[in-house]
Amino acid sequence: MKATNHCRVCGGTELTVVKPGMAPSNLSPENFAITDPRYGQTLPILACNACGFMQCPNVDGLLGFYQALVDPAYEEGRPQRKMQAFGILQHLMPLLDTPAGSLRLLDVGAGSGILVEAAREMGFAAQGVEPCRWLQEIAQKAGLPVLAGTIDDLPPDARFDIIVLADVIEHVETPVQLLRACAARLSPQGLLAVLTPDCRSLAARLLGWRWWHYRIAHINYFDRHTLAAALSAADLEPVRTLRPGWRFTMQYLCERLEAYVPKVLIPRFLYSKRISIPLNLRDSLMVIATKRP
Ligand SMILES: [Zn+2]
């Protein structure tokens, strides 16, 4: 297989197929739904012989799939996602020596503006960019400043004190370039928060290729080391590494559990949309980085 001929982190040219998968030519926008429950279904995964980074081949027209994506189930989880967004922002607070009100925050891949909304409620001057038209319109209708497009579509002189890249870097074909674009937009003391699944976490190792983060939309699989290497390649330096937890409705958890347990074994009363619980499986990484002096 030679669809991708170099490692996206170290540039190494020797890659070995470690997991076969779906051919990139058979894809449609539905494959990129944020709530896609088909765990374990991926494109072919290749590991770099030099640094161990795992990635899938490039996908023709990838950005177009995200622009055309429609995923109503994502919005159903808005209250839980907003609590998660507050959680992410809370992790940043101890590193800030100025009140939130004076800080400019950018959420890259802002979806329907959930984190932007949470950040504005906390007093940040927050805005976002989002390539998916459907999600961006939801944000716009809610009066949230989320621009349609990518970070490259922002005005050239736009700078931020905080940039959040939450569950984005595993979706792009040029992760180091994306980190560089973020670094270029940071103010001198600015902070970049990168969140991504950790493919060497205990949950990932226990579940093997059935781990919930193995999915078609994820074309990069980072761990602490490869994420640190990617940040370093973009002249960024980690200042803190955390394991953020998430919040889910019982209904969402039960539906996801069906991928691992026969449905008849999950009691119906557990499928509740009203009850949500915090869950930290420690299989996500949150690295806060600054620009190298
Ligand atoms: Zn490599």
Side-chain angles (χ1 to χ4, degrees), residues 1-25 27 32 40-60 62-63 66 108-109 150-152 163 165-184 192-243 282-292:
M1 177 146 332
K2 218 172 170 295
T4 306
N5 52 18
H6 63 91
C7 168
R8 292 182 186 132
V9 169
C10 79
T13 52
E14 283 184 35
L15 306 179
T16 308
V17 178
V18 290
K19 179 186 180 295
M22 199 166 154
S25 52
L27 297 172
F32 295 89
Q41 206 181 109
T42 63
L43 298 173
I45 299 179
L46 300 95
C48 170
N49 292 4
C51 74
F53 181 63
M54 294 198 296
Q55 64 186 51
C56 301
N58 286 344
V59 177
D60 278 340
L62 183 62
L63 187 59
Y66 285 107
V108 177
T150 69
I151 190 166
D152 300 324
I163 299 182
L165 205 53
D167 292 326
V168 171
I169 197 167
E170 63 273 22
H171 296 262
V172 303
E173 289 171 342
T174 50
V176 173
Q177 199 179 308
L178 174 61
L179 291 173
R180 278 201 200 111
C182 291
L192 171 67
V194 184
L195 289 93
T196 192
D198 178 1
C199 71
R200 311 269 176 224
S201 59
L202 182 63
R205 281 183 279 132
L206 287 175
L207 290 166
W209 295 124
R210 297 169 72 218
W211 182 45
W212 36 82
H213 289 298
Y214 287 119
R215 51 177 77 195
I216 286 169
H218 292 174
I219 59 167
N220 299 315
Y221 294 93
F222 288 93
D223 61 22
R224 278 183 85 120
H225 304 290
T226 50
L227 184 56
L231 287 163
S232 173
D235 283 328
L236 288 155
E237 204 157 37
V239 289
R240 191 163 293 188
T241 300
L242 304 134
R243 302 249 167 216
R282 301 186 63 80
D283 64 345
S284 274
L285 279 170
M286 173 171 173
V287 177
I288 304 170
T290 54
K291 283 200 279 190
R292 238 181 242 145

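Note that ligands are numbered from 1 as they come in the structure, with each ligand's atoms numbered from 1 the same way.
- Taking Arg292 as the reference, Asp235 meet the salt bridge (charged side-chain N to carboxylate O under 4.0 Å, His left out) condition, with sequence neighbours excluded.
- For the Zn ion (ligand 1), the nearby protein N/O/S atoms, meaning those under 2.8 Å, are Cys7 SG, Cys10 SG, Cys48 SG, Cys51 SG.
- Within a 6.0 Å radius of CG in Asp60, no more than 12 heavy atoms belonging to other residues, nucleotides or ligands are found.
- Taking the six-membered ring where the residue is Trp, Phe32 and Tyr66 present perpendicular rings, their angle passing 60° and hence far from 30°.
- Considering all non-hydrogen atoms of both residues, Asp167 and Pro197 come closest at OD1-CD, 3.9 Å.
- Looking only at side-chain heavy atoms (C-beta outward), Ile151 and Cys182 come within less than 4.5 Å of each other.
- None of Glu173, His171, Glu170, Arg8 except one satisfies the side chain to side chain donor-acceptor pair (under 3.5 Å) rule with Asn220; the exception is Arg8.
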